[in-house]
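Structure first, then comments.
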Amino acid sequence: LSKPCTSIHLALGNIDVYLVRPVNNVLVGRICSSSRQTFSTMKILSVTGASYNDSGITLIRRKYPVTGPEILNNAWSLPKLHDEKITKKQNSKWAGISPSSTHDLAETGSSMRQELLKSTELLFHVQLSCVSVQLSKKDCELLNKLLDHVIEGISNEQTSISGNSKDQSVLINDICIQTSVLFECSILEICTELNETVEVGPLLQAELKGSWNSLKLKVSKFSLFSCSNVGGLNNASFLWVNHAEGELWGSVSAKNDKDPGESKDFLIVACKDSACRRGDGESTNVLSIGTAGCSVTHIRNPKLKENYTSVDVRSGTIVAPGGRMDWINAICLLFSSGSDRTEKSDDSNTVNSYQSGEPYSSSLFLELADVAVSYEPHFKNSTLSAGAADRKFFSCLLAASSFKLHNKSASASAATDFDIQLRDLGVLISQSSGSTNVTCSYGVDYLRQSGYIKVAQNTFVEASLKLDSSFWKFEMSDSQFDIGTCHDTIYGLLVWDPNSSSYMVQIC
């Protein structure tokens, strides 16, 4: 920061952080008149490969405010630009976003973040090498309570410094400073155990039995930038989260089995550079730009009473081993731990109570490039009957060059409208012996080596979806879908069901 400031830098090497909590134990013997409390420790954070030259924690405080309300207007230029580009009409059709306009949005977002950094008054910067986090849902709740105590203590300290004021709005303006947190690390690995079991029906467990008990996420070049009180305005915020290549693994434990303690790991999400320009499965995506990764931007503007959210995913593949995608419910259940705490905190916070009840309109821009969904059968040889042992199993991959979803909802409206655009969807199938259970990128080279054959292509879909409290309405304005296959591939998609004496689509 070029302006005069006071800074504190802590150089870090390798670090281990432990969570210490009391254990309810039974007193050993009755001779002792006083009880002894025991504690358990668990490593929840580990930093390795750190160098004192490029790793550390820095706290910077400006000597005087250097920001103003105009910085929020500049930050809101990004949602305006996004809205102008995605709603642009060509030949009376929603045209979506071209690669050049996507590049413009990325450049605008980068310059906006630099401007926010230069104008911040209090900056907390953490830069580390390899970070490993291991937390359960209960551990997350304990850490949330700890953070609540810390934030409450800081707020009370700022209130006492500012003095007692009868006018609550004056107090807000006195303590409202633009604060930024920047966290960067080369490799981030998060492991979590699922304390709550998501019950699923037997039909969903026909191929892969058991329940998800843990998740492991590993991403590279992770960055998180959070700016609160943008422009000195309370409740105005800017959040940006970005990472490059990454993988998400899930572990399934099979109960009511011969080996109740056995668990298997499955790759459920892959985001790799080798899948760039994959398109509909044949490396023909002219809309692809940049490298693999995910970027999320969220801006809250209390002046306009609007929220803006943009999610950009590049070269991502979602995997359904054995047709199981209920791991999404497990993730939602994991993140639901802080909902009650947040609502309670908002109700008890007198500073923000006058704003929490005001409705906000919101806009969502979801853009996926080189995205795919893969189904892989999973059967044990021991579970196959004599008749099913000769059956052939097929994997299926749905790859698309581009998928875009745009939603803009008004605060006073109960209905929600979605504009959907899908370009170049390819349906590919391949004979498979089951889940390979190994790391792969699902790129074009992997699809060719695995023997995938395209049976549908040249897909273009434009649609709108309207959701209301009493009904939903789906309209498809334009669509195109070409199927080119033969008898063998069609036979691979169908399986004879002796119970119903009919053919069923196997990929369902």
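Just so you know, these numbers come straight off a predicted model, no measurement behind them.
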Inset, instruction - Please examine the side chains of Leu224 and Leu182, heavy atoms only from C-beta on, and report whether any two atoms are closer than 4.5 Å. - result: no
Legend entry - Pair Lys473 + Glu475: basic N to acidic O under 4.0 Å: yes
Legend entry - Carboxylate-amine/guanidinium contact Lys43 Asp16, below 4.0 Å: yes
Inset, instruction - Spell out, as yes or no, whether a donor-acceptor pair under 3.5 Å connects the side chain of Ser129 to the backbone of Gly49. - result: yes
Inset, instruction - State, without any angle test, whether Trp240 and Ser295 hold a side-chain donor-acceptor pair at a distance under 3.5 Å. - result: yes
Inset, instruction - Would you confirm whether Thr120, through its side chain, and Leu117, through its main-chain N or O, come within 3.5 Å as a donor-acceptor pair? - result: no
Inset, instruction - Tell me yes or no: between the side chains of Thr317 and Ser374, is some donor less than 3.5 Å from an acceptor? - result: no
Legend entry - Donor on one side chain, acceptor on other, Ser310 and Thr297, under 3.5 Å: no
Legend entry - Expected output: side-chain Asn235 to main-chain Pro302 donor-acceptor under 3.5 Å: no
Inset, instruction - Check the side chains of Gln178 and Ser119 for a donor-acceptor pair under 3.5 angstrom, ignoring hydrogens and angles. - result: yes
Inset, instruction - Could you tell me how the ring of Phe365 sits relative to the ring of Tyr308: parallel (under 30°), tilted (30 to 60°) or perpendicular (over 60°)? - result: tilted
Legend entry - Contact check, side chains of Ile57 and Phe124, non-hydrogen atoms, under 4.5 Å: yes
Legend entry - Distance-only side-chain donor-acceptor flag, Glu193 / Asn213, under 3.5 Å: no
Legend entry - Side-chain donor-acceptor contact under 3.5 Å, Ser274 with Ser441: yes
Inset, instruction - Determine whether Met476 and Val461 make a side-chain contact, defined as any pair of heavy atoms from C-beta on separated by less than 4.5 Å. - result: yes
Legend entry - Lys404 and Ser402: side chain donor to acceptor below 3.5 Å: yes
Inset, instruction - Look only at the side chain of Arg314 and the backbone of Ala369, and say whether a donor-acceptor pair between them is shorter than 3.5 Å. - result: no
Legend entry - Cys396 versus Val427, closest heavy-atom pair with distance: SG-CG1, 4.2 Å
Legend entry - Side-chain donor or acceptor of Asn285 paired with backbone N/O of Arg278 under 3.5 Å: no
Inset, instruction - Flag the pair Phe225 / Leu116 as yes when at least one side-chain heavy-atom distance between them is below 4.5 Å, and no otherwise. - result: yes
Legend entry - Under 3.5 Å donor-acceptor, Asp280 side chain and Ala399 backbone: no
Inset, instruction - Would you mind telling me which of Lys272, Lys218, Lys216 makes a salt bridge (Lys or Arg N to Asp or Glu O under 4.0 Å) with Glu247? - result: Lys272
Legend entry - Result of checking Ser361, Ser362, Ser363 against Ser409 for side chain to side chain contact (heavy atoms under 4.5 Å, CB included): Ser362
Inset, instruction - State, without any angle test, whether Thr48 and Asn14 hold a side-chain donor-acceptor pair at a distance under 3.5 Å. - result: no
Inset, instruction - Output yes when a side-chain donor or acceptor of Asp424 lies under 3.5 Å from a complementary backbone atom of Gly279, and no otherwise. - result: no
Inset, instruction - Could you tell me whether the side chains of His125 and Glu184 share a donor-acceptor contact shorter than 3.5 Å? - result: yes
Inset, instruction - Check for a donor-acceptor pair, side chain of Ser251 on one end and backbone N or O of Ser214 on the other, with a separation under 3.5 Å. - result: no
Legend entry - Heavy-atom side-chain proximity of Lys303 to Pro69 below 4.5 angstrom: yes
